[in-house]
Structure formats: C-alpha cells, structure tokens
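Read through the structure below, which is laid out as structure tokens, and then see the notes.
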Amino acid sequence: MNSLALINEFLGQPPNASEHGYQIDHILEFAHWFMAALFVGWSAFFIFVLIRFHKSRHPKADHYGVRSGISTHLEFSCVLIEAVLLIGFAIPLWAKRVNEFPTGQEAVLVHVVGQQFNWTFHMPGPDGQFGKRNIDLVTNSNPLGIDPNDPSGKDDLVVLGELHVPVNKPVIIELSSKDVIHNFDIPHMRIAADAIPGSLIPMWFKPIKTGTYEVVCGQLCGLGHYGMKGTLVVDSPADYQAWLKERAELAGTQSAPPATQRPPGEPPVGPTPGTVPPPGAPKNANPGAKISPSPSGQ
Amino acid sequence: MNNPPDIAQDPAEHEEYAHGVQQHVSRYLMVGGLLLFFTLLTVALSYVDFGGFFSWLFHIHISQEGSRKLNIAVAIAVAAFKASLVALIFMHLAAEKRLIYRVLIFTGLFVLVLFWLTYLAWYDPITR
Amino acid sequence: MEIPYTISTRPDTGLWNAKIGIWLFLASEVMLFGGLFSAYVFLRLDAQPGEWPHGLLNVPIGTFNTAILIVSSVTVVLAWAALKMRRYNAYWWYMLATILCGIIFLFVKLYLEWPPKFSHYGVFIKPEAREKYEPYLGNHRREEKGLEPRIEITGHLENHEALTDSNIKEYEIALDPVNADPDNPSHDRPHFIPLPATEKVAKIDKQDVERIDSFGPWHSAYFASYFTITGLHGAHVLAGVLVFLYMWLPVSKKVYQRNPEHLANRVEVSGLFWHFVDLIWIFVFPLFYLL
Amino acid sequence: MDASTSHPPSPGFGETGETHGPHHHEAGHDHEHHELGFWRKYIFSTDHKVIGIQYGICGMIFLFMGFSLMMIMRWQLAYPGQALPLIGKWLPYIFGANSMPDGKMTPEFYNSLGAMHGTIMIFLGVVPVAFAAFGNFVVPLQIGAPDMTFPKVNAASFWAFAVGGAIMLTSFFVPGGAAKGGWTSYTPLSDIADKGPGFHTVLNGQSLWLIGFIFLITSSLLGAVNFITTIIQLRAKGLTWMRLPFFVWSQFVTAFLLLLAFPPLEAAIIMQLMDRTAATSFFLPAGMIVNGAPLHVSGGGSPLLWQHLFWFLGHPEVYVLILPAFGIVGEILANNSRKPLWGYKSLVFSVLVIGFLSFVVWAHHMWLTGMGSTVSAFFQTTTLLISIPSVIILSAFFISLWGGSIRFNVPMLFVTAFLPMFGIGGLTGIPLAFNSADLYLHDTYYVIAHFHYIVAPGTIFGLFAGVYYWFPKATGRMMSEFWGKVHFWPSLICMNVIFLPMFLQGMLGMHRRWYDGGQGWTLAGEHIWGLSGFQWNTPISWAAWIMGLAQIPFIINFFWSIKHGKKVNDNPWEATTLEWTAPSPPPHGNFVTTPVAYRGPYEYSLPGREKDFTMQNEPVDPSERSRRMAEPALAH
Ligand code: HEA
Ligand code: HEA
Ligand code: CUA
Ligand SMILES: [Cu+2]
C-alpha cells in the first residue's frame, strides 16, 4: 500500500491518526490514481492529436474520423472502476461508520455542542450518566444549562475548546449545536460531521496516535467561523486519567470560561476573545511544532 | 382541445368544430357537479374515523389527532380524484398532444422525487 | 415579421405556441407548489407529538371557498366554449361570473378567514407545568386512550396588556371549548365548525408558559405553512383575476373582432392557469382544513 | 453552390442560400420598415438578438464585478489584516464604513464578498451569459426562426433579471451590507443574520438577497419557457431533432433544468423570507440559543429542509453552468477541426441523461448532515452514474479531433483549453462523490478547486470562445486575433496558478470561507511543495490579479472591434449551421429567405466535395444521396 500512499502524500495530505482513517485514505488514493491515469492517458492522446492533425500537417480532414468502438471500452472500464470503488469500498465503509457504533464500556462518549464560535465538550463523569440539560438554565457559567438538581449531572465535566481522549479507545461523539450549523471536523482523524441545532448526530473514531490535533469548524457559521477552532488531545491512558482527575477537581467551580455575553438580539460583535488571533498577528514561526502529531507519540 | 390548423380561416369547418364544442358543454357541467359533490363527500368523510391500520405503512409518527392515519390516505385519494377530473376534463388532458404528456410525465416524476427523497432523507438519519 | 404558429398549430406537434408555453409554465408551478407541499410533509413528519394542531380552521368557510373555485372553473371553461361557438355575449357573462368568483374567494380569504386568526391565542405550557393545567388539558385521559397530548391552551386573550406589561403575572384566557371541557370525548377529535370561546376564563401563570402566540404564521409550523401556501395561492388567484379582467374589458373585444380564435386561445391559456390554481386548492383544502 | 459565403461583405447582402433548392422566396417578407426609436430599438427591444446582447453585456459586467470582489478578497487571504494598498482607503466610501476601516477588511465584509462573489458569478454572470445571452442570440438563428416565440415575454425576462441584479447590488449599500451566509445561504445562519438593531426589517442584505433571487428566478423561468417553446415550435423546415446543432440541444436541456429545478428553490426562498419577516420557523428548531439568549420562535422547523430544497436546485444549477459551455465547445470544435462531431447521437443522449439524473443527486452536497447508509448509498450511486455521461461527452470531444485538420484561431484556443480544464474539474468531482472520501474533503479548498476548474477555466473559457466565435455574426466584424491570443495565454496560465495549489491546500485540510486565509491555523502551516498551505495564498492571489490584468485586452478588443474590427462576410469561419446563412448582423426577423435544412449540422469535409464544408441549407443532390446511405430521410 505504500506506493499507493504516495499520491496522497504528494498532494500534501497530513498523516492519519485514527484506526479507520487509512481506509478513507485508500479511497482517496485509488480515486486519485484512477483520475491520474485517465488524465495522463487522455492528455497524451490530446497532445498527440493536436500536433498530428494540425492544419499544416493534415490539411484535409477526414469526414468520418475514428471508426472503432474503442471509446466504448474505455467508458466501460471507467464505469467498472467506479463501481468497484463504490460497491467495494465506499458504501461498506460508510455503513461501518454509521451503523456499527462501538458498544459497551470501552468507548468514550462525549457530547459536543457547537456555538458561535467555539466548541463545548460535555462528558458524563465517573458515573457514566449525562446530567439533564435545560435551555432555560443556560448562563455564562453553565453554557450547556446542566440542571443542578439532577444528581447524574453533578460529576459531569464541561470543557470549553479542548477535548482529551485516551489513545486506542473508540470515541463516540454526539454532536449538536446551540445556534447555527457547524461542522466538527478533525482532519487528522479523518472524521467530520455537521452539528445541527435541533438534532443529535453521532460519529465515532478510534485514535491510534497520541498528540495534539486541531479541530476545524467546517461549515460557515458567521463572522467568527474562521477562528472557530478546537483542540483534540489524544493522551496516553495515564495522562488521560490525570487529566480527568484534574478536571474533576475543577468541576463545578470553574467548569467553563465565560462565554462572551451580548445583549439578546444584538448582532454578534466578534468571535470569542482568545480563540481568534488578531488579524495581522505574526505568522506561526515554527508551524507544525505544536499541533501536528508528535513524532514520538506512539 | 386544439384548433385545427386553419380553423380561423374556414367558416364551414368551424361550424363543425363549434358543434363539437357544444357537445362538451354538458360534460363540463357534469364534472362541475361531480367536483362539488366530492367536496362535500371529503368533508363528510373527515368525520368518519377510518382508524390507523395504515400504520404499518407509516411506521413513523405522523402528527395526527388520534390514530386516524387512514383518513390521510382517504382525503388525499379523494383530492387526487378531483384533481384528475379537473386536469383531464377542464384542462383537456384527456385528449392532449403527446408533447404535453411528455413534459408532464417528467414533471410528475421530478415532483415525486422531491417528495420521496425528502421523505427518505428524513427517514434515514444516523442513530445510535 | 410574423412569428409562426401563434394561432394555428404546427403540423408536427399539433400545437400552437402559447399552449406549449402555458403547460411549461404550469410544469414549473407544479414544482413550486411541490416544493411547498413537500416542505409541509417534511415538517409534519418532523413534528413532535401534540405539536401539529388540528381542526383550527373554519371548515364551512373553506368548503364554501372550494365550491366557489370549482364553480369558477366551470364558468371559465364555458366562457371558452362560448368563444369557440362565437357567442361573444355568453362569453362576456361567463367571464364576468368567473371574475366575481375570484373576487369572492379573495374576499372570503382576506376578510373572513385570516383576520380572526390574529386575535385567537394559544398558550404553550411548559412540559413540567402541564400537570398543573391538567383541568384544561385533560392529558391523563388522552394518554390512556393513546391520543397525543395537548400542550397548548387556546382561546381569547382577555388581558392584552399582559403581553407587554411585565408587571402582570398572568394571562387570562377565555377558553375554547376544547380546553374548557377537555375530558369530554367529543373533544377528542377536532371540531370542524369552530365553536365560540366559552365564558370560562383561565388564569395562566406566566412562569408556566413556554410562549404565547396568536394564530399567525409565527404560531407553529402548521400555521406557517398554512399562511405561506394559501398566501401564495391567493396571489395566483389575484393574478388570474387581473388577467381575466383584461380579457373581459372592451380591449379584448377588438381582438375578438380581428380574429376570434386569437381571443379563444388567450382564454384557453389563461383558463388552464385558472384550472391549475383550482387544482392546487383541491389539495390545500383537505391538507389544511380536514387533516 | 458556394453562394452562401463568397459574396462580398456589403451591407445589402443576404441573398444567402437563395440559389438553393426549390423553396419559395418570401420577397417583401419584412419590409414594412417602421423605424423604431432608439429606446425601442436598443433598450426596450423585443428582438431576440438585442435582448441576447443586452444579457451578454450585463452578464459580462457582472462577471467582472464578481471577479473584482474576489480580487479584493484575495488580498485578505494572502495578507490577512493588512491594509489594502491604493484602493483600500476608498472602498469604505463605496461599501460603507464597516467594510474596510483603514483599508483593513472586516470578517463581515469578507463573508459578504464571498457570498456575493458566488451569487453574482453564478446567477448574474454565467447563467445570463451562457444561457440567456447565447441562447437568445444564437438559438433562433441556428434553428432558422425569425425570433423567439414570445418576444414580449423575452423582454420581460431580461427586465426581471435587470431588477433582480439591481436589488442584489443595492444590498451592498444598505446598513449592515450584503448577505453574509455564503451563496448557499444555509439556515439557521441566514434566518438569524442581518437582524436586530441597526438593520432594517426588509432592506437588509439577506432579505434583499432573497427578494433579488425571486426576480432572478422569475427571469429564468420566463426565459426557459420561451426557449423550450421556440426550439419545439420554430425549427425551420427540415430541421429535425437529430439535425439540431449540439448547442441547441444543450440549451434545450438547460432550459428544462431551469424550468423544473428553480421553483423548489423559489419555494424555499419564500419560506426563508417568511422566516425573516413574518416570524415563522420553517427552518428553525425549538430551543436555539443565539448570542447567549434563547431565541423566541415557535420552532418546529428543520434546518435541513433548506439544504434539501437549495440543493434540489443547486445541483441541476451546476449543470446549467456547464451544459451551454459544452454546446459552445461542440460547435467550435467541429468547425475548427473541419470534421463532424464524433458520436453526435451519444452526445445528445448524454446531455439528456445528465439533465435527467441531475435531479436525483443533490444530497451529495449534504454527506455530512447525518445521513444514514441507505440514503447515502443511493446518492453515491446516482452521483457516480451522472459522471458517466460527462465522460462520454468529453471522450467524444477528444475523439472528434482525430483525423481533423485543426486550425487554431482564438475560439479554438479557448476550446482546446476548456477540454483538459473541465477534465481536471470533473475528475476531482469523483473523490467528492464517495461520501467517506468527502468526509475528509468536504468544505476544504479541494472543493473550491474542483468546481472552479469547471466553472472558471471551464465555463468561462467556453464563454470566451463563444464570444469570439459569434462576434462576427452579431457585428459583422471580427475581434482581433492577436489581442485574443494576448488574452488567452496569460488567462490559461493564471487560471492554473490560481486553482492548482488549491487542491494542495484542500488536501492539507484548509477550509473554505476562512477570513484569515488559514493564518491562524497550524494545519495550514504544514509545508507542501516548498510553501506552507498559508503561504500558497500569495502566488494564488498574485495570479488572480494578473488574471484581472489579462482581461483588459479582452475588454478593449471587444469594444474596439464593434466599431473597428475587420469586416468579414456572413460566414467567416466557414461553418455549416443555419445562423451563418443569415446576414451579419441579422436584420429584424433574421433571415432574408426562410431557411430550409436538408442535412445534419456538421457536414464538414464531405468526401467528394471541393469545399470542406456543406451548409445545412444546401440540398442533397442525388449522386450524394446514393453515396451516403446513412443519412436519414428528408423530413417533410
Ligand atoms: C459546472 C459546475 C459543476 C460540475 C459540472 C460538477 C460536476 C461534478 N461534481 Fe461538483 N460542484 C460544483 C460544481 C460542479 N460540479 C460546485 C459549485 C460545488 C460546490 C458547491 C458549494 O458547496 O459551494 C460542487 C461540489 C461537489 C460536491 C460536494 C462536495 C462537498 O461540498 O463536500 C460533490 C460530491 O459529490 C461534487 C461532485 C461532482 C461530480 C461527481 C461531478 C461530475 O459530474 C463530473 C463528471 C466529469 C468527469 C468525470 C470528467 C471526465 C473527464 C475525462 C474522462 C477526461 C479526462 C481527460 C483529461 C483531463 C485530459 N461536486
Ligand atoms: C461561475 C462561478 C464562478 C466563477 C467563474 C468564479 C471565478 C473565480 N473564483 Fe470563485 N466562487 C464561486 C463561483 C465562481 N467563482 C462560488 C459559488 C464560490 C463559493 C462562495 C461561497 O463560499 O459561498 C466561490 C468561492 C471562491 C473562493 C473561496 C472563497 C472562500 O471560501 O473564502 C475563491 C478563492 O480564491 C474564489 C476565487 C475565484 C477566482 C480567482 C475566480 C477567477 O477565475 C475569476 C475569473 C473571472 C473572469 C475571467 C471573468 C472576467 C470577465 C470579464 C473580463 C468580462 C468583462 C467583459 C466585458 C465587460 C465586455 N472563488
Ligand atoms: Cu462554526 Cu464555522
Ligand atoms: Cu452537485
């Protein structure tokens, strides 16, 4: 498969860090090789024809031109290759993504809520139960409106912007949004889904490399869309436990930094401070150092 | 109903044609009566509770007082019947040229697509 | 320069131009209303139990309007037939009848149907407070019978000030019979003839209210579709009336005198449009009034 | 037999084709010369040619405006947060104080520019030029008709377009600026945008976008009805369906797409307008919290409903953008390879199949909206199916060249560029069609590159080719070949420098609609081919600006040639289709002699003839008939 992978690397795709990601990369690779073959084949033909049948070289055109049915074969093979890609790869892969969610205790379950312009992560805490949410209770300090009277909500973790998950464990994310449509996209994990208000969309992946990854909002969601960044940290199991512990201690006191509060009805004035670099900020001096998967991180 | 190509010019032919039109008039009146009758019928039928044994078809929640899901089917059927009367007789679709049929067949198809796939897309969300 | 086949037909298609034109236009109209109706289906499928109101429209009036449109469809086709038989006077009367029908339809819609909606209120009760208003909602019995819950108390808002004045803590609603006597089985099914609000006034604590809205487009997905579709339909009726008016006025007599077939074609084409508008209403009526 | 082309270019010519065949000569056909005043003749005209030219000029101006918006945006992408030199200071006077304070673009303004670039390019640029302008000018001529079937409706269509365009432009100048929700205007964002204090209830960007759209849709519908009826009813005698030029076929299918796909969007637009002005919640679910405060609406709506209705138009719309270009390319390709189009029937069939299938693929824009496996399998299959006819069309075009005698004039240059450029764009649609691959590529610059390869060096080049090709028909004069080449080569190079790197940016994971061009993103800092994803913006932007300069020769050439171009005869390209039998420019009513078609559209290099082209209105002589058995029998 290494030779196949060449083309994705050649096109600049960053390394994959999830279990299913290589399958997605394979589809991309196959598709790109197929496209490249078609492109190169036709281009060669094209250039040849343009030169060979230039007016100066071929002053009198042939009314009939090509009489063989070669193009039919060519078109048929295109159909065949596309069918193989479709039936052999794409459909089963998607079915696996959306029908075979991991079950039981081994999966980490997180609720992710998008809002202009940040992500809030809601984890059930040690009891494995999500607390009830109620939009009437939403305040700056309780961005998800978790019901304080609900016992299962007492130990919940609510984290803004940065999500930690353990490596080599499936992560199930249930996505929703408070306001407009966002898209929770983790390029390195080869996974993404829309966060749509009024619905809950599940998605899952299994990170296989520790490191820090960027979460992109992949759907235009307003003026701060470009800065709606999240962070996914894939920890070793030990680090993960430590993080959980640290967060649990903070829980209730400081569960989330304040969201920007604007008077109701007023148009948004800007992205949440701190999430967006000011325009013209110096370019990242050493890009890739902070976020891309740590080379040693296995 | 289409004009013969030269109807405007030839009075004799027109006479014949007008006679044909005259014969249609009673049909139009009859259809009008039928439509009024079916309007009353559909109102009357809405008082009857046809129950919900259609639930197996709509194994989904259609917001509906009680479980009168069959009433939806009945009402739509009556409406479709009335609509086809209007289309066939008043709009002369019963005897129209092939070309018009073609256009309408495609349109009908695409409307169905619009309905069916919208339904399908609603029907098949990712769930866990 | 003459454009061919404006009046006579082209031999290989057997059609004159405007006939094709109007059918194509109607095809696009089918898609337009198809889009709206499929939105209706989509929203209705999506509605949660109790969210989709039933039996809030006035069926007798709706039936009357349906009949009016049907009658106008008959008169317009008779008008066309009269032209074909070269009876201009008959045409003139039939056309007048059609125009009047259209105007009556619009009048009924704009003066009798729509305005009362805006003074009728629905109060949506918060889920946790529904128990408290059980005497108006009757959900216990409904649940037993497998009926959808009621989430809304409707009626006439007695204290309009309450909408704006935050010092008033309650809404006073003169209840509709459904809420005045919720356990009466005769109220399990929607009423097709609107019953006037009762004398019984309910006081509803603002704290328990999710929202209060009159029966305007903002009330629910149901009324949103109702107003949008009937509004667009009404605009079509208006357009039809204007076109017919043009064909009924003396200017058109000149066309008739020059070439009667020309006017007949115009009437046929606009008649097709009119029938289509009727056809749409045939679906609107059961979807919104009866189901 | 050569009479159709060899007569001198005098104003009185036009006996075209009259020496042929037994058909009657309608003398004095259009000789009641009642002079029309300037206004009736050039502004409120009902002549399809004038309307076509009106559409063309307006559309091209809009194309240029759409491009100008993009050139401003490209500054922000390459140099985020830096003041735009030279013109930056002045833009706030045009677009309002909040657009570019101190020459620095605000995010709102960036989003406005993006949304309006997409909207203007597609609905005010390409559709008017490709469909309405070429369709209006060329189709009646190609089918031998005196005009459209409904000339007044035709004029109404243009004026609806003009009003719609004016409303769209006005929206830049209302408080708050133009629409900001992308050309897709996804709800709920667009439902709640441009509302509240400081915004007018109706005169705000998003609402005006919707209202303008209603006019544009009306315009397209009127046009579509007219085109279809014209093609069905007004084909010249003998011009059977299988003798129609390919361009007419492509316009025919395009018209059907517009006719049947636009209305559902119109429905959606009406609903969004209701949401915005009448407080309905078609697209709003209950329980939304906007800016930290609950939104007081009834709820019960569905954000996805908008997407379904939008893309129900949106996908057919992209074929509306490409089919006319296919048609133009087909005409010019046959003409300049001096050969019939290879596989004419399969081309026609493919176009019909594309038209049909384009109604059942729309959800491929919605892969990530929580679609289950059944529905996605369905749409993936249809999406791949629809790529097959495109493959057939492109293959047929390539094969048509084989055995030709190819001459490279300016239209042909643009066409030769079109083929591989469309190829790249089309091929890169394939990974997008697999929803698991699109999982990675969705909303990245890969998608931007995919469709720009189709619409910019694809469709736009097709349009340029068409302008150069039919210019002599419209004016009786040629555009300059030299300046055409000066226009072509830089354009071709710049297009590729603009859009090729976007594939890389997309594969890196850079997303579209990023106001900061990726500056704040670590993943955009990754290096590829020597530059970081973000740094690639700089060459792209420079190429875009040079591309802008490269249009100057075109614009000058265009206007200069109207008055001063080289005068040519009626058929300067030695083409075969009926429009070249009319005088240049064609008079009101088009043909001096009502044309009759005796043969197929591309009878180039018929064996046994001296001339390498045989026009459609040249009768078939008996010797020829025996030679060519395959030719279908003459119709009536
Ligand atoms: C004219 C415009 C046009 C055309 C023709 C197409 C054609 C195709 N498009 Fe594209 N598309 C767009 C315009 C267009 N698209 C736009 C504007 C968007 C983005 C909208 C937005 O979100 O803003 C988009 C987005 C888009 C998406 C959604 C991506 C996303 O948002 O995540 C998808 C997914 O399936 C897709 C697929 C396809 C496919 C399979 C084709 C196929 O029909 C292509 C078939 C063509 C071929 C297969 C080429 C065949 C060529 C050869 C065989 C010869 C090769 C030879 C040489 C190169 C020399 N397109
Ligand atoms: C037909 C459609 C079309 C066309 C032709 C173009 C042309 C171009 N587009 Fe556009 N683009 C879109 C449709 C189109 N685009 C859409 C739909 C989007 C998505 C918007 C959204 O996110 O919602 C988009 C988005 C988009 C982006 C992404 C912005 C973002 O996501 O933040 C970028 C970035 O570079 C871009 C660049 C360009 C460039 C450089 C061109 C150049 O190729 C332009 C070249 C232009 C010309 C060659 C025309 C010149 C015309 C003349 C010279 C005629 C003048 C003549 C006379 C007056 C006689 N476009
Ligand atoms: Cu959130 Cu973009
Ligand atoms: Cu598409």
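Each chain gets a letter, A, B and so on, in the order the sequences are listed, and its residues count up from 1. Any value given below was found using the heavy atoms of this structure, including those in side chains, with hydrogens, waters and symmetry copies removed.
- Among C:Ile70, C:Val74, C:Val71, the residue making the largest number of heavy-atom pairs under 4.5 Å with chain B is C:Ile70.
- Taken to the nearest 0.5 Å, the CG atom of B:Leu35 stands 11.0 Å off from the CG atom of C:Leu69.
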**OP:** Could you go through the side chain to side chain contact (heavy atoms under 4.5 Å, CB included) check for C:Leu287 and B:Ile76 one step at a time?
**Re:** CA-CA 8 Å; C:Leu287 282 184; B:Ile76 303 271; 3.8 Å; yes
Subject >> side chain to side chain contact (heavy atoms under 4.5 Å, CB included) assessment of C:Trp80 paired with B:His24 >> reply: CA-CA 11 Å; C:Trp80 168 79; B:His24 285 211; 5.6 Å; no
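- Both the backbone and the side chain of B:Val111 come within less than 4.5 Å of a heavy atom of chain C.
- Of the listed residues (B:Val31, B:Ile89, B:Val43), the one with the most heavy-atom contacts under 4.5 Å to chain C is B:Val43.
- Shown here is C:Trp93, whose CH2 atom has no more than 12 heavy atoms of other residues, nucleotides or ligands within 6.0 Å.
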Subject >> Working for side chain to side chain contact (heavy atoms under 4.5 Å, CB included), residues C:Glu268 and B:His92 >> reply: CA-CA 10 Å; C:Glu268 181 171 1; B:His92 311 310; 3.6 Å; yes
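- In terms of non-hydrogen atom pairs under 4.5 Å with chain B, the most contact-rich of C:Tyr289, C:Phe285, C:Phe283 is C:Phe283.
- The two atoms that bring C:Ala27 and B:Val103 nearest to each other are CB-CG1, 4.1 Å, heavy atoms only.
- Contact of B:Leu40 with chain C is made through the side chain alone, with heavy-atom distances under 4.5 Å.
- C:Thr9 has its side chain out of reach of B:Lys97: every pair of non-hydrogen atoms, C-beta onward, lies at least 4.5 Å apart.
- Considering every non-hydrogen atom in both C:Ser38 and B:Leu114, the closest pair reads OG-CG, 3.9 Å.
- C:Asp181 meets the salt bridge (Lys or Arg N to Asp or Glu O under 4.0 Å) test with no other residue; sequence neighbours excluded.
- Across all non-hydrogen atoms, the minimal contact from B:Ile100 to C:Ile20 is CD1-CA, 4.4 Å.
- When heavy atoms are compared at a cutoff of 4.5 Å, C:Tyr222 does not approach chain B at all.
- With a threshold of 4.5 angstrom between heavy atoms, C:Ile280 does not approach chain B through any atom at all.
- The contact between B:Leu93 and chain C is made entirely by side chain atoms (from C-beta outward), counting heavy-atom distances below 4.5 Å.
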Would you tabulate the side-chain donor-acceptor contacts of residues 271-279 of chain C under 3.5 Å, counting partners in other chains and residues two or more places apart, or write 'none'?
| from | atom 1 | to | atom 2 | distance (Å) |
| --- | --- | --- | --- | --- |
| C:Trp274 | NE1 | C:Ser72 | OG | 2.7 |
| C:His275 | ND1 | C:Ser73 | OG | 3.0 |
| C:Asp278 | OD2 | C:Ser73 | OG | 2.9 |

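- Heavy atoms closer than 4.5 Å to chain B are found in the side chain of C:Val59, but not in its backbone.
- Put simply, the side chain of B:Leu29 reaches to within 4.5 Å of the side chain of C:Leu78, judged on heavy atoms.
- Heavy atoms closer than 4.5 Å to chain C are found in both the backbone and the side chain of B:Leu36.
- For B:Leu99, the part sitting under 4.5 Å from any heavy atom of chain C is the side chain, from C-beta outward, and nothing else.
- Atom CZ of C:Phe288 has more than 12 neighbouring heavy atoms from other residues, nucleotides or ligands inside a 6.0 Å radius.
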